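Order of the sequence lines sets the chain letters (A, B, ...), proteins ahead of strands, with each chain counted from 1. The structure presented is a predicted model; accordingly, all values stated were derived computationally and were not measured.
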2 protein chains.
Amino acid sequence: MTASHAGRQPTAKSPRRPGPKAWLSQERIVAAAFRVSEQAGAQGITFQAIGDELEAHPTAIYRHFRTKDDLMLALLDALHAEALEATPQPGGDWVQELRELARATHAAFMRHPHVAQFSGARTARRQHEFAKVDRVIGCMLRAGFSPEDAARNYRVFSDFVLAYSAQDASLAALDTDTKNTDMRAWTVDYRTLPREEYPNIHAVAHALPALDDPQNFETALEMMLESLQSSARTTSGTG
Amino acid sequence: MTASHAGRQPTAKSPRRPGPKAWLSQERIVAAAFRVSEQAGAQGITFQAIGDELEAHPTAIYRHFRTKDDLMLALLDALHAEALEATPQPGGDWVQELRELARATHAAFMRHPHVAQFSGARTARRQHEFAKVDRVIGCMLRAGFSPEDAARNYRVFSDFVLAYSAQDASLAALDTDTKNTDMRAWTVDYRTLPREEYPNIHAVAHALPALDDPQNFETALEMMLESLQSSARTTSGTG
DNA sequence: ACCTGAACACCGTTCAAGT
DNA sequence: ACCTGAACACCGTTCAAGT
């Protein structure tokens, strides 16, 4: 209990000795993982890098997360939390609320592409994911869909948002050379393909949007919302 | 030149000696990689496993592919080829052709989930991808869209199909335990969440479609096609 | 020309040992 | 209780050496 003999002589043998001030915790590890992911060139998030960031031994993380998958699901839930924070409270127009939730999810994924790239197909099964699912289903119910249709439309709409967002994030997470080569395919390769073999590509090549054009997700999102509105009108006679 | 002294005494020191009959080639390596991917539990496609499958040294692959990324893009193009083979010739109803191309792409991805899971965001920039892009753009032009709208709609529709297919493939490619845990979240965790905190989830939990329900992609696809038809009617007065 | 062997710099994970 | 050190079984990739 007496915190006295913390003599700070610089004779420390071990080059990294944060002192007892800095115990690890799930929160600190998650924060460090995000910091690592921001400057992670291609290779990404490793226990080694997180350990360095925390000035702790890589394997110390196993005290707080059972496996790396466990940690990655915690990071995914943090992405859901970030998206929820950026979204106004529920209760207004259901289409506008779905639009805002979708945009906030896409934005959070793009802010942390190294985390997001593996997240699209995963279920975090944690607090903030629960909250977001509840919000989306709430929108579907307010739209007038039956419980069955609301559940189906939740699944399809949310998986669409996650899939498209994870794909955009995957592109952003590629190492610079690989991304540049893929992008250049659309500004060079596809624009110089022989007209005889690929007449349709040739006809519109000058207008092909870039792979990372933010309007791509916006356009896809509006298409999904339009279709939902159309079937909501058909389904429910009672406004 | 004299292929005589191929004495087949079983004294061979080297345990793997296919003899000169079996030179490696891009085609043989791609075929072996697909075979490996089919029985790849979680860990996936490695040069070691492909080498074993070919009874050759893992590093021999570097004679035929510059990097692993180069090999993976060749595998992606093979997926595009498989999707094209399963699709009727172009020229009929543009909506039906888009539907068939999308279904064939999704099916090819699901047949090879370990290859597909990393493919959604990548550009193969190879023969069969060119051919598929030309088909989709052809549909958009036949629908009556301007070159600009055809190019945008190609990008959005195709990226939607690739993203959703890669996401479904990623789920299928998870190792058994991880996939089961994620799936169980929707049949157990989400169905037993407290009603007070998550009223909307509680209201529809019994009807939530499974993560891997094939109807999910079908529903999303029809929503996109509906929206395309609607904007094609608005855009082009000339049937 | 094509393949092999050995080496390099990494991974996630386990487990006995330290404090 | 929490962290460290060493070890294990892997990765992709490079490069000199074999045939």
Side-chain angles (χ1 to χ4, degrees), chain A residues 1-3 5-7 12-29 32-33 36-37 40-75 114 118 174-175 177-178, chain B residues 1-3 5-7 12-29 32-33 36-37 40-75 114 118 174-175 177-178:
Chain A
M1 284 304 191
T2 58
H5 51 61
K13 290 178 197 166
S14 165
R16 54 160 97 133
R17 253 291 136 87
K21 61 185 171 182
W23 292 119
L24 293 187
S25 66
Q26 295 214 12
E27 288 71 24
R28 285 193 64 217
I29 294 168
V36 164
S37 88
Q43 84 286 12
I45 303 154
T46 70
F47 279 23
Q48 178 64 54
I50 300 170
D52 287 353
E53 177 70 25
L54 291 163
E55 295 186 85
H57 199 276
T59 64
I61 296 165
Y62 282 92
R63 278 278 139 199
H64 301 88
F65 292 98
R66 286 195 335 286
T67 61
K68 188 174 183 187
D69 196 61
D70 197 28
L71 169 59
M72 296 307 285
L73 292 181
L75 296 179
H114 286 95
F118 103 111
L174 291 175
D175 67 282
D177 285 354
T178 307
Chain B
M1 284 305 191
T2 58
H5 51 61
K13 290 178 201 165
S14 167
R16 52 159 98 133
R17 251 293 136 82
K21 64 185 169 183
W23 293 119
L24 294 186
S25 67
Q26 295 213 11
E27 288 72 23
R28 286 193 64 219
I29 293 168
V36 164
S37 88
Q43 85 286 9
I45 303 154
T46 69
F47 279 22
Q48 178 64 52
I50 300 170
D52 286 352
E53 177 69 27
L54 290 164
E55 297 186 82
H57 198 276
T59 65
I61 296 165
Y62 282 92
R63 279 278 140 199
H64 302 88
F65 292 97
R66 288 193 336 284
T67 61
K68 188 174 183 189
D69 196 62
D70 196 27
L71 169 59
M72 296 307 285
L73 290 180
L75 296 179
H114 286 95
F118 102 111
L174 291 175
D175 66 283
D177 286 353
T178 307

Take atom [atom1] of [X] and atom [atom2] of [N], then tell me their distance rounded to the nearest Å.
| X | N | atom1 | atom2 | result |
| --- | --- | --- | --- | --- |
| A:H57 | D:dT4 | NE2 | C1' | 5 Å |
| B:M72 | D:dC11 | CE | P | 14 Å |
| A:F65 | C:dG12 | CZ | P | 14 Å |
| A:D175 | D:dG12 | CG | P | 16 Å |
| A:L71 | C:dC11 | CG | P | 15 Å |

Distance-minimising heavy-atom pair for A:H64 and A:S25 | CD2-CA, 3.9 Å
State, to 0.1 Å, how close B:L24 and B:A60 come at their nearest heavy-atom pair, and which atoms those are.
-> CD1-CB, 3.7 Å
With respect to the side chain of B:T46, which nucleotide from C:dC11, D:dC3, D:dC11 is positioned closest?
-> D:dC11
Nearest 0.5 angstrom please: [X] [atom1] to [Y] [atom2], how far?
| X | Y | atom1 | atom2 | answer |
| --- | --- | --- | --- | --- |
| A:Q48 | A:H57 | CD | NE2 | 8.0 Å |
| A:I61 | A:Q26 | CD1 | CD | 11.5 Å |
| A:L75 | A:F118 | CG | CZ | 7.0 Å |
| A:L73 | A:D69 | CG | CG | 4.5 Å |
| B:F65 | B:M72 | CZ | CE | 11.0 Å |

Can you run through DNA chain C from 5' to 3' and write each base as (, ), [, ], | or . depending on how it pairs? Watson-Crick or G-U wobble, both distances under 3.5 Å.
-> ||.|||||...|||||.||
Any side-chain donor-acceptor pair under 3.5 Å between A:T67 and A:D70?
-> no
Has A:H64 got a side-chain N or O lying under 4.0 Å from the OP1 or OP2 atom of D:dC3?
-> yes
When all nucleic acid strands are considered with a 4.0 Å heavy-atom cut-off, which category describes B:I45: base, sugar-phosphate, or nothing?
-> sugar-phosphate
A correct 5'-to-3' footprint of nucleotides 13-19 of chain D, with B, S and - meaning base, sugar-phosphate only and no protein heavy atom under 4.0 Å, is BB-----
Could you go step by step and tell me if B:I50 and B:L71 meet the side-chain contact (heavy atoms from CB on, under 4.5 Å) rule?
-> CA-CA 11 Å; B:I50 300 170; B:L71 169 59; 3.8 Å; yes
